Amino acid sequence: MVTGAEISPREAEVLELVGAHLSNAEIAARLFISVRTVESHVASLLRKLGVQDRRALAQRAPTPAGAPSHRAPVLPAPLTSFVGRVSERTELTGLIKAHRQVTAVGPGGVGKTRLALAVAAEAAGGYSDGVWFVDLVPVTDPDMIATAVAAALGLGEQPGRDMTESVVAALADRHALLVLDNCEQVVHGVALLIERLLARCPRLTVLATSRARLMVPFERVYAVPPLSLAVDGESDAVALFMDRAAAVGSPLDPPLRDQIAAICARLDGMALAIELAAARYPTLGLDGIAAALSHPLRMLTGGSRADERHRSVRAALDWSHALLAPADRALLRRVSVFVAPFTAAAVAEVTGDEEGMVADGLARLAEQSLLVVTASPGGTEYRALETIRQYATERLAEADELVDARSRHLRWCLAEAAGLAVVRQDWRARFDLMADDLRAALAWAADRPEQRADAYELARHLAELTFTRHLTGESQRRYEQAAELATDPAATASMLRQAAAVAGCRTTGDDMYRLRLAAADAARGAGDTAGAAADLATAATIAFRFSTTFVRLPSLEEALALITEARESAGDDLAAQAAVALAEAAVLTDAFGAAQGPAGNAVPETIARAERAVELARRTGDPLTESAALDALTGAQSWAGDTFATAATARRRITLLASLPISPAGTHELIDALGIVTEAGLGAGDVPGARRWARQLADHPSLAEIGHRATCRLLMVAALAGDVDEVLPGSVRFLDAWRRAGSPARSILAPAVAGVAMVHGLRDDHGARREWLEILDQLGTSPEHTYGYGAVFDAMLLLHHGRAPEALERMAPEPRQVWKWVTWIWHHWYVALRAEAAVLAGSPGGRDCLAEAQAVVAGNPVAGAIVERAEALLDDDQEALLAAADAFDAADCRYQYARTLVLAGGDHAERGAAVLAGLGLAPMAPAPASTMTSER
């Protein structure tokens with residue numbers, strides 16, 4: 001057991017919540033800290049407690065005194081007591097133990113939700129990963145089901161996969177119970193989601209509540225009966241009525257049970273109807289309630305038993321509705337357009353009534369249990385229970401007010417969405433509160449031709465808002481929806497371009513490509529041939545620039561055909577010409593080193609084409625266009641081996657993009673630019689700059705929920721610099737996020753994984769190193785691994801352990817023999833480490849190797865110091881050796897600084913060993929007694 005002296009108070013709070021199986025996002029929200037801060041605390045706890053993963057960490061969490069040993073279920077806390085239903089709870093509990101998918105079916109108001117909650121709470125101890133509750137009431141779009149589940153799980157979207165895949169990945173190995181409540185309005189979508197979950201999450205059980213069966217082959221249906229009217233002299237229905245009457249301040253005497261039983265019988269034991277009736281007892285009394293139920297319009301009968309129960313709920317609602325004043329009836333039906341909680345001010349805007357009068361009316365409806373009242377930081381909020389809201393919507397239609405009310409609600413949503421775009425304070429909370437209303441209004445308007453213009457505007461606003469909220473999957477869908485709703489082909493093209501940019505942020509190259517081609521079609525329809533040319537050229541560029549993000553990679557021939565068509569249509573339009581020039585640099589000379597590009601690059605032609613693309617882009621005045629062209633130039637310069645020019649060009653991109661407002665295209669370009677400038681800076685030996693840019697990338701809000709992508713560059717920098725304190729917590733964040741994302745085999749992640757494996761090797765943690773090498777195998781072996789980062793990291797580890805001949809063998813090829821795969825950030829590192837390995841291995845060609853390396857790495861503070869160190873060893877020049885140590889210290893490379901002191905021997909070696917120990921690294925092998933004596 002961990003004591004308070006071993007962990008900080010904040011870490012103790014985090015540990016307790018990890019023990020409760022909360023996600024990092026949930027812990028962050030609970031403690032009012034950032035997700036990254038939570039990840040740092042989790043990493044620290046893993047290290048301090050000496051455990052390998054989050055599950056083991058959860059087992060070390062203390063159990064509060066008097067608390068059950070299992071995690072508390074993630075369930076809403078009922079505001080009223082649960083009454084009766086002993087046999088139903090037993091039966092349903094037995095079913096979820098025996099079957100992986102159970103649907104509790106029954107009419108509205110029968111008590112399905114409360115029964116499911118009670119059963120889930122009781123069964124929670126049987127599920128090691130807990131119980132999760134998802135309310136689907138606000139969900140009207142089947143595409144949003146997975147988003148609702150993800151929100152309940154505390155998940156964000158993962159790049160390259162939709163929300164469904166993110167949910168499946170998160171639940172894949174969990175032993176949990178998932179409760180999906182109120183499935184009836186999206187029953188087909190729920191059925192599809194459940195099929196995928198159960199097929200890929202073998203330890204998951206799903207309990208659904210619905211008015212209708214889900215109609216899936218593995219479904220076990222449990223028909224929820226009405227409350228019992230008389231069982232061995234006891235009645236759950238009567239007990240519920242008496243409990244609720246007492247709750248409103250009017251307890252009933254036992255002798256009145258027979259009268260209550262008669263009322264409950266006339267209500268068919270429907271829980272909602274009984275609760276509504278009991279709430280009226282203080283003003284009507286039992287006689288008044290019985291008299292109201294005798295009215296023929298308030299008690300409809302006929303049809304099957306299920307229909308009779310349904311009509312009983314409707315009868316209770318009819319009766320409750322009939323007791324309202326005309327103004328309150330009108331208010332009830334008009335607020336039914338709100339899906340999410342609403343305020344009096346919002347209702348006043350939608351109805352056009354005075355806010356004070358609206359507030360009075362809402363209060364009266366709440367007093368009669370037709371609205372639920374909640375106090376929030378933004379003021380008093382109201383919500384209609386779904387059964388009542390649907391009933392009121394029917395009344396709205398009967399009054400021939402539905403279209404007018406929906407139209408007013410749509411206009412209110414438009415105004416609110418536009419207002420959110422300029423709000424800064426509490427923006428996220430405000431959006432989350434009204435997002436379901438925006439979605440519902442859009443769903444209604446999208447199917448009505450006369451509302452098409454407003455539907456387009458709302459879809460566009462919702463696309464922008466969800467992007468800012470980092471719901472990138474929904475943002476892309478909304479942009480595509482806006483494109484479908486637009487009446488102007490030019491607007492369609494604009495929305496499709498935005499959708500393509502969002503797809504880029506999600507690293508889904510196929511969608512980027514598809515949407516740009518669709519934008520070209522729309523631009524042609526608008527008569528914009530130059531715009532279509534730019535779209536076609538951009539699609540060709542995407543196929544090469546972002547080739548690693550594709551599932552089906554467009555061929556070279558396909559891209560060439562696009563360029564030909566774009567070139568013919570570009571005319572004198574500067575933007576189109578710039579797009580074509582970039583496509584030619586990307587495809588014809590493969591400036592980006594794409595998967596489908598030619599094996600060798602004609603370097604002079606590549607540079608010439610990239611420079612032409614940059615010049616044309618600069619003349620357009622568009623920073624995003626210029627940044628994309630500069631990206632091509634960095635590739636061309638790196639293939640030419642001009643490391644310092646590459647780094648300078650990468651920095652130019654950051655300067656261009658730094659002050660741009662948030663947008664999909666800007667975000668996509670900035671994230672790419674930060675990754676490139678980190679790598680280019682590291683290749684030029686600018687470790688402090690690379691670390692600074694890598695941290696900006698790791699902290700970017702768009703990457704908060706995808707830690708593997710956020711941290712991969714930072715891990716690479718930290719590993720090369722030997723910053724163990726950065727590598728260990730960063731690797732925890734990386735691994736947790738990568739696994740939650742479904743362990744994608746993305747080659748961009750491989751250098752980070754290889755770096756982490758090397759650091760564990762430097763620490764002599766062979767078990768951890770094997771685990772990370774296994775992950776590296778899952779990512780796949782590529783030429784970059786063989787002769788790029790793989791060779792660099794392997795050589796550093798071999799040299800640390802005094803195995804210079806093996807390091808030299810690992811780096812046997814001359815750099816120019818494998819230039820395309822070591823020219824990028826690995827070029828100087830490869831050349832310098834190869835020279836040092838040759839010297840330490842006693843290679844006869846060591847002196848020549850040194851001379852060649854000095855010419856290549858001149859100006860690189862880190863690679864240059866490695867070569868200087870090797871020469872000092874060769875010449876047995878301790879003064880030069882210590883000068884190299886100072887150079888490493890100035891370059892912020894503490895590992896290489898310590899290594900140099902150890903190689904210097906004597907007292908210096910003791911100091912170096914102390915620095916290595918302080919870094920958390922194992923002792924390194926001493927320098928050989930003699931190095932290439934024959935060449936001195």
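Computed from a prediction, not measured in an experiment: that's the story for all the values here. FYI, the numbering just counts along the sequence from 1. These numbers come from the heavy atoms of this one structure, side chains and all, not from hydrogens, waters or symmetry mates.
- For the residue pair Thr606 and Ala636, the shortest heavy atom distance occurs at CG2-CB, 3.5 Å.
- Among residues two or more places apart in sequence or in another chain, the salt bridge (charged side-chain N to carboxylate O under 4.0 Å, His left out) test is passed with Arg196 by Glu165.
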Requested in this report: For the pair Arg740 and Asp736, evaluate salt bridge (Lys or Arg N to Asp or Glu O under 4.0 Å) and give the outcome as yes or no after the intermediate values.
Outcome: CA-CA 6 Å; Arg740 282 192 288 111; Asp736 179 60; 3.2 Å; yes

**Report entry** Working for side-chain contact (heavy atoms from CB on, under 4.5 Å), residues Leu720 and Val792
**Finding:** CA-CA 9 Å; Leu720 284 171; Val792 168; 3.9 Å; yes

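- A pairwise comparison of heavy atoms in Pro744 and His708 identifies CG-NE2, 4.2 Å as the closest pair.
- For the pair Arg203 and Asp173, the minimum side-chain heavy-atom distance is 4.5 Å or more.
- Taking the side chain as every heavy atom from C-beta outward, Met811 and Asp794 never approach each other to under 4.5 Å.
- Rounding to the nearest 0.5 Å places CD of Gln896 at 9.5 Å from CG of Leu903.
- Scanning both residues, Leu657 and Ala673, for their nearest heavy atoms gives CD1-CB, 3.7 Å.
- For Tyr895, the ring-ring contact (aromatic ring centres under 6.0 Å, His included) partners at least two apart in sequence or on another chain are His800.
- For Thr549, the side chain to side chain donor-acceptor pair (under 3.5 Å) test picks out no residue, with sequence neighbours left out.
- Across Glu11 and Ser44, no two heavy atoms sit closer than the pair OE2-OG, 2.7 Å.
- In this structure, the side chains of Arg552 and Asp510 come closer than 4.5 Å at one or more pairs of heavy atoms.
- Looking at residues two or more places apart in sequence or on another chain, you find a side chain to side chain donor-acceptor pair (under 3.5 Å) between Arg803 and Glu806.
- Between Val856 and Thr643, every side-chain heavy-atom pair lies at or beyond the 4.5 Å cut-off.
- Across all non-hydrogen atoms, the minimal contact from Lys48 to Ser8 is NZ-N, 4.5 Å.
- The shortest side-chain heavy-atom distance between Phe592 and Thr541 falls under the 4.5 Å cut-off.
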Requested in this report: Show your reasoning for whether side-chain hydrogen bond (donor to acceptor under 3.5 Å, both in side chains) applies to Gln778 and Ser743.
Outcome: CA-CA 8 Å; Gln778 293 180 51; Ser743 304; 4.8 Å; no

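- Note on ring orientation: taking the six-membered ring where Trp is involved, the planes of Tyr513 and Phe550 are perpendicular (angle over 60°, cut-offs 30° and 60°).
- Side chains of Ile866 and Arg899 form no contact here, defined as non-hydrogen atoms less than 4.5 Å apart.
- With a 4.5 Å cut-off on side-chain heavy atoms, Leu728 and Arg763 count as touching.
- Taken from CZ in Arg894 to CG in Leu921, the straight-line distance is 11.5 Å, to the nearest 0.5 Å.
- Side chain of Arg174 to main chain of Ala170: a donor-acceptor pair is present (N/O by atom type, distance under 3.5 Å, no hydrogens or angles).
- Looking at Arg733 and Thr711, their side chains never bring a donor and an acceptor atom within 3.5 Å of each other.
- With sequence neighbours excluded, the residues that form a side chain to side chain contact (heavy atoms under 4.5 Å, CB included) with Ser702 are His470, Thr667, Ile671, His700.
- Atom CD1 of Ile654 sits about 10.0 Å away from atom CZ of Arg692, to the nearest 0.5 Å.
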Requested in this report: Evaluate the criterion side-chain contact (heavy atoms from CB on, under 4.5 Å) for residue pair Cys712 and Arg746; output intermediate values, then yes/no.
Outcome: CA-CA 11 Å; Cys712 62; Arg746 297 281 189 182; over 6 Å; no

Query raised in the report: How far apart are the C-alpha atoms of Asp765 and Trp772, what are their side-chain angles, what is the distance that settles it, and do they pass the side-chain contact (heavy atoms from CB on, under 4.5 Å) test?
Result: CA-CA 11 Å; Asp765 190 341; Trp772 283 90; over 6 Å; no

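- A search for side chain to side chain donor-acceptor pair (under 3.5 Å) contacts involving Thr649 returns Gln637, not counting sequence neighbours.
- Scanning for side chain to side chain contact (heavy atoms under 4.5 Å, CB included) contacts around Ala680 gives Thr646, Ala647, Ala650, Trp824, with sequence neighbours left out.
- No donor-acceptor pair under 3.5 Å is formed between the side chain of Ser475 and the backbone N or O of Leu471.
- Under 4.0 Å is where a charged nitrogen must lie from a carboxylate oxygen, and between Arg769 and Glu774 no such pair does.
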**Report entry** Intermediate values then yes/no, side-chain contact (heavy atoms from CB on, under 4.5 Å), Met924 and His801
**Finding:** CA-CA 6 Å; Met924 58 175 277; His801 290 300; over 6 Å; no

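- Legend: ring pair (Phe, Tyr, Trp, His ring centres under 6.0 Å) pairs involving residues 667-698, not counting sequence neighbours, sorted by first then second residue: Phe546-His668.
- Separating the CE atom in Met716 from the CZ atom in Phe793 is a distance of 7.0 Å, to the nearest 0.5 Å.
- With sequence neighbours left out, Arg713 forms a side chain to side chain donor-acceptor pair (under 3.5 Å) with Glu679.
- Here Met163 contributes atom CE and Thr472 contributes atom OG1; the two are 7.5 Å apart, rounded to the nearest 0.5 Å.
- Asn860 and His828 are linked by a side-chain donor-acceptor pair at a separation below 3.5 angstrom, with hydrogens and angles left out of the test.
- Under the 30°/60° scheme for interplanar angles, the aromatic rings of Phe734 and Trp738 are found to lie parallel.
- Rounding to the nearest 0.5 angstrom, the gap separating the CG atom in Leu833 from the CE atom in Met796 is 6.5 Å.
- Considering only residues two or more places apart in sequence or on other chains, Arg691 meets the salt bridge (charged side-chain N to carboxylate O under 4.0 Å, His left out) condition with Asp723, Asp892.
- When the side chain to side chain contact (heavy atoms under 4.5 Å, CB included) test is applied to Thr548, the partners found at least two apart in sequence or on another chain are Ser747.
- Nearest heavy atom pair, residue Ala698 against residue Leu714, reads CB-CD2, 4.2 Å.
- Applying the side chain to side chain contact (heavy atoms under 4.5 Å, CB included) test to Ala628 and every residue at least two apart in sequence or in another chain returns Arg545, Leu582, Glu669.
- Two residues are said to be in side-chain contact when any heavy atoms from C-beta on lie closer than 4.5 Å; Ile775 and Leu735 meet this criterion.
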